[in-house]
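Below: the structure, in structure tokens.
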Amino acid sequence: SRKPYLERMVTGKDSNATSSLSKESKTRDLAVLETITANLNAGIKFIDRQETSLAKIGGKLSEMALCLNKVNSPTSSHEDRSTTQKKFESAKESLFRESISSFDQSALFSNGPSKPLTIAVPNRGEWEGLSIDRSDLGQPGINTVMKGKVYGEGPGFYLDHDSIKRAFSEWRSLCTDNRLNWGMLVDRLHGISSIYEKISDGGNWQLPPFPLDPSQGPLRRPHRNN
């Protein structure tokens, strides 16, 4: 792309964003900081939506584990087990629907490795790329559960408690990563707010320079802190 780095990595497609804000007697630096703040807030909302979906996925995994327990109960009849298998399939379908959900036209999850969303922020005199990962649901334990069953002659293989435990372990790791990303973005948002207040109070601050060589890219050390 031949677009300026600032437009490509910070202000987005609207190249007039900075100039329009300048017309309201705001400096260029303040205008860019406002755009970065908007990007960080959007990233935080993305992670919040992801966390909500992960909570729903955890609930469905719990339902599946309960189904497995009911089927393995010695007092469970054939009819009970058949009904439980239907509940298991319903929970699995709900989990799948959640796995393809999105926020602002961006997928919340991936089925395998994927490129992260990147937000450019100024930090210590240079531009830093903050990486927001789409939670990877294409992991062995979760895949096994999605292809399994607890009873009946239908397609799929029979699950055991170890399979469910592995899926839960992977899910917990995704929840932990989500919270770490949330904390990282909130920390940077507080930093940008401090810079904004400093400029508003008459203090001095300058946007970090972009490299002159376009082949180097605007982020000299992308994803440095995550």
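Positions are given from 1 along the sequence.
Using modelled atom types, one side-chain atom of K92 and one backbone atom of G148 make a donor-acceptor pair closer than 3.5 Å. Put simply, the side chain of S110 never gets that close to the backbone of P113: no donor and acceptor are under 3.5 Å apart. A donor-acceptor pair is defined here as one N or O able to donate and one able to accept, closer than 3.5 Å; no such pair exists between the side chain of S90 and the backbone of K86. Using a distance-only test at 3.5 Å, with no hydrogens or angles considered, a donor-acceptor pair links the side chain of D136 to the main chain of G138.
Partners of S173 by side-chain contact (heavy atoms from CB on, under 4.5 Å), not counting sequence neighbours: none found. Under the side-chain hydrogen bond (donor to acceptor under 3.5 Å, both in side chains) criterion, S82 pairs with no residue at all, not counting sequence neighbours. Among residues two or more places apart in sequence or in another chain, the salt bridge (charged side-chain N to carboxylate O under 4.0 Å, His left out) test is passed with K70 by none. Residues passing the side-chain hydrogen bond (donor to acceptor under 3.5 Å, both in side chains) test with R166, sequence neighbours excluded: none. Remark: K149 engages no residue in a salt bridge (charged side-chain N to carboxylate O under 4.0 Å, His left out) (not counting sequence neighbours). Scanning for side-chain contact (heavy atoms from CB on, under 4.5 Å) contacts around R81 gives V71, S76, Y151, with sequence neighbours left out.
Distance check: S169 OG to I164 CD1 gives 13.0 Å after rounding to the nearest 0.5 Å.
In the hydrophobic clustering of ILVMFWY residues, with side-chain heavy atoms under 4.5 Å counting as a link, V186 and I36 come out together.
A heavy-atom distance below 4.5 Å is found between the side chains of N69 and H161.
Across I132, N181, I119, a single residue satisfies side chain to side chain contact (heavy atoms under 4.5 Å, CB included) together with F46, and that is I132.
Side-chain contact annotation: D160 with S163, donor-acceptor N/O pair under 3.5 Å present.
Minimum interatomic distance between R179 and E51 (heavy atoms only, all atoms of both residues): NE-OE2, 3.2 Å. Residues V145 and A167 come closest through the heavy atom pair CG2-CB, 3.7 Å. Among all heavy-atom pairs drawn from I195 and L33, the shortest one is CG2-CD1, 3.6 Å.
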Exercise for the section: Apply side chain to side chain contact (heavy atoms under 4.5 Å, CB included) to the pair F109 and R134, showing each step before the final yes or no. Expected result: CA-CA 5 Å; F109 305 105; R134 293 179 175 88; 5.6 Å; no
Exercise for the section: Please report the C-alpha distance between S77 and D80 in whole Å, then the side-chain angles of each, then the deciding distance to 0.1 Å, and finally whether the side-chain hydrogen bond (donor to acceptor under 3.5 Å, both in side chains) criterion is met. Expected result: CA-CA 5 Å; S77 66; D80 292 337; 3.1 Å; yes
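Other residues, nucleotides and ligands place no more than 12 heavy atoms under 6.0 Å from the CZ atom of F96.
Remark: E98 engages R49 in a salt bridge, criterion side-chain N to carboxylate O under 4.0 Å.
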